[in-house]
Amino acid sequence: MSEKVMIFSEVKNFTQDLIDWQKKLGRHDLPWQKNRTAYRVWLSEIMLQQTQVSTVLNRYDEFLKIFPTVERLGAATVDEVLAQWSGMGYYTRARNLHRCAQSVMTDHDGVFPSDPKVLESLPGIGRSTAAAVAVFAYGKRAAILDGNVKRVLARIWGFDQDLTKTLHTNQLWSHAENLLPHKKSDLIAYTQGLMDFGATHCTQYQPACIDPQKGSCPFKKSCVAYLSERINQIPLKVKKVKVEKIDMTWWVMIHQDQVLLEKRPEKGIWAGLWCFPESQELVKEPSQAMPAFKHVLTHRQMTIKPIKVHLKKRVRLQENQQWFSLNDVGGLGLPKPMSLFLKSLDLVRDGE
DNA sequence: AACACGGGGGG
DNA sequence: CCCCCAGTGTT
């Protein structure tokens, strides 16, 4: 048994059902669905990469009016292109759009290539966009796999692997290719159907299977995510916690064998635990920077910079502060780096 | 406020 | 391969 079959069980007639669905319930009147030249298709795909259909609808015709051909676009200045793009965000797209137009003019005799692999070599065109242009403009047999399509395929086949992993996304790519219709005449309806079904029915939140207002889902009977009540878990994208880098100062105030500690607020990091004060302004005794060290938490990488001050008298600067003998700190609630640090203080003291 | 999106670029 | 980024719109 091949790997493909093990991962993606048979969903009967998916391809044909989707084609039928598209013909009946898909979108047929979007401006870029008429007169599907490579230039028009390409422009719409780039605009749609990170921008909603409703926004692109307001911009597409205007853009084409100003840059009616790939030649005119390539001949424009990048500033003119950026000006026309303004408000749509991700301005790298506009710069690549311009570069791509120039490359089509100089490297491809002014004609967009039809081979997805060649399209993919152009600026701003990745695997999915290349396939879309090849299908819509040239009727080629190529698979798209954008965010909408990933959601549709992952849900129906119950593919619950982490899609931030290249391996799993590649498995989905293979699956997308296996699903392509064999009749070339079906490719446009099929590809458009994938896009439309994902955008209007198999939406991220409240898809049609649980929201009748969106219509009915033709795949309800076989959709693994729906049948196993995992619509909200699939597709799975494990977001890596962003590790924030933080510098923290510890004022290590020492008087004889005692240190001044501060009970931290009940909210935030190390809530309610005892720590060195992170700031102080009143004490003017000479201070000495100690070696900084790192402490790593799930979501933070802290660089702790202790500053030692030997005080002649015990002062308490705030209500939440208290002096402790080093012999007693062991009984306090201390965050990990505090207990490690205090132990090292002990060693220093013993060594003295 | 958190999340979603395709592609590029650097390590 | 992995990570990070960019900007607007949606939930």
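The basis for the numbers below is simple: all heavy atoms, side chains too, and nothing from hydrogens, waters or symmetry mates. Naming: A, B, ... by sequence-line order, numbering from 1 per chain.
A heavy atom lying under 4.0 Å from DNA chain C marks none of the residues of residues 30-46 of chain A. Residues of residues 51-61 of chain A that place a heavy atom closer than 4.0 Å to DNA chain C, in numerical order, are A:Gln52, A:Thr55. Listed by residue number, the members of residues 197-207 of chain A with any heavy atom below 4.0 angstrom from DNA chain B are A:Gln204.
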Give me the distances for all protein-to-nucleotides 7-10 of chain B N/O pairs that come in under 3.5 Å?
residue	atom	partner	partner atom	Å
B:dG7	OP1	A:Gly126	N	3.1
B:dG7	OP1	A:Thr129	N	3.2
B:dG7	OP1	A:Thr129	OG1	2.6
B:dG8	OP1	A:Gly124	N	2.4
B:dG8	OP1	A:Ile125	N	3.4

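Remark: A:Thr249 engages no residue in a side chain to side chain donor-acceptor pair (under 3.5 Å) (not counting sequence neighbours). Legend: residues meeting side chain to side chain donor-acceptor pair (under 3.5 Å) with A:Glu285, ordered by chain and number and at least two apart, are A:Lys312. By the side chain to side chain donor-acceptor pair (under 3.5 Å) test, A:Arg141 is found to be paired with no residue, residues two or more places apart in sequence or in another chain being considered. Contacts of A:Thr106 classified as side chain to side chain donor-acceptor pair (under 3.5 Å), with partners at least two apart in sequence or in another chain: none. Annotation: salt bridge (charged side-chain N to carboxylate O under 4.0 Å, His left out) contacts of A:Glu120 (sequence neighbours excluded): A:Lys117.
A cation-pi arrangement is present between A:Arg36 and A:Phe136, with the terminal nitrogen or guanidinium carbon under 6.0 Å from the aromatic centre and inside a 45° cone about the axis.
A:Trp21 CH2 to A:Tyr190 OH: the interatomic distance, rounded to the nearest 0.5 Å, is 13.0 Å.
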Item checked: A:Asp29 vs A:Gln33, side-chain hydrogen bond (donor to acceptor under 3.5 Å, both in side chains): CA-CA, chis, key distance, verdict -> CA-CA 7 Å; A:Asp29 299 316; A:Gln33 293 179 307; over 6 Å; no
Notebook entry, point to check: Please walk me through it: do A:Tyr138 and A:Phe112 pass ring-ring contact (aromatic ring centres under 6.0 Å, His included)?
Noted result: CA-CA 10 Å; A:Tyr138 297 114; A:Phe112 274 88; 8.3 Å; no
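Heavy-atom distances to DNA chain C give each of A:Tyr91 and A:Lys165 a nearest nucleotide, and the one nearer the 5′ end belongs to A:Lys165.
Side-chain contact between A:Leu342 and A:Phe324 is absent, with no heavy atoms from C-beta onward closer than 4.5 Å.
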Check: For DNA chain B, what dot-bracket results from Watson-Crick or G-U pairs at under 3.5 Å, with [ ] for crossers and | for inter-strand partners?
Finding: |||||.|||||
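Spacing between atom CE of A:Met88 and atom P of B:dG6 amounts to 17 Å, rounded to whole angstrom units. The distance between atom CZ of A:Arg93 and atom P of C:dC5, rounded to the nearest whole Å, is 19 Å.
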Name the atoms and distances for all side-chain donor-acceptor pairs under 3.5 Å in residues 126-133 of chain A, with sequence neighbours left out.
residue	atom	partner	partner atom	Å
A:Arg127	NH2	A:Glu177	OE2	3.1
A:Ser128	OG	A:Leu145	N	3.0
A:Thr129	OG1	A:Gln49	NE2	3.1

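Each of A:Lys24, A:Arg27, A:Lys23 was scored for a salt bridge (charged side-chain N to carboxylate O under 4.0 Å, His left out) with A:Asp196, with one residue passing: A:Arg27.
Sorted by first and then second residue, the side-chain hydrogen bond (donor to acceptor under 3.5 Å, both in side chains) pairs involving residues 51-61 of chain A (not counting sequence neighbours) are A:Thr51-A:Arg93.
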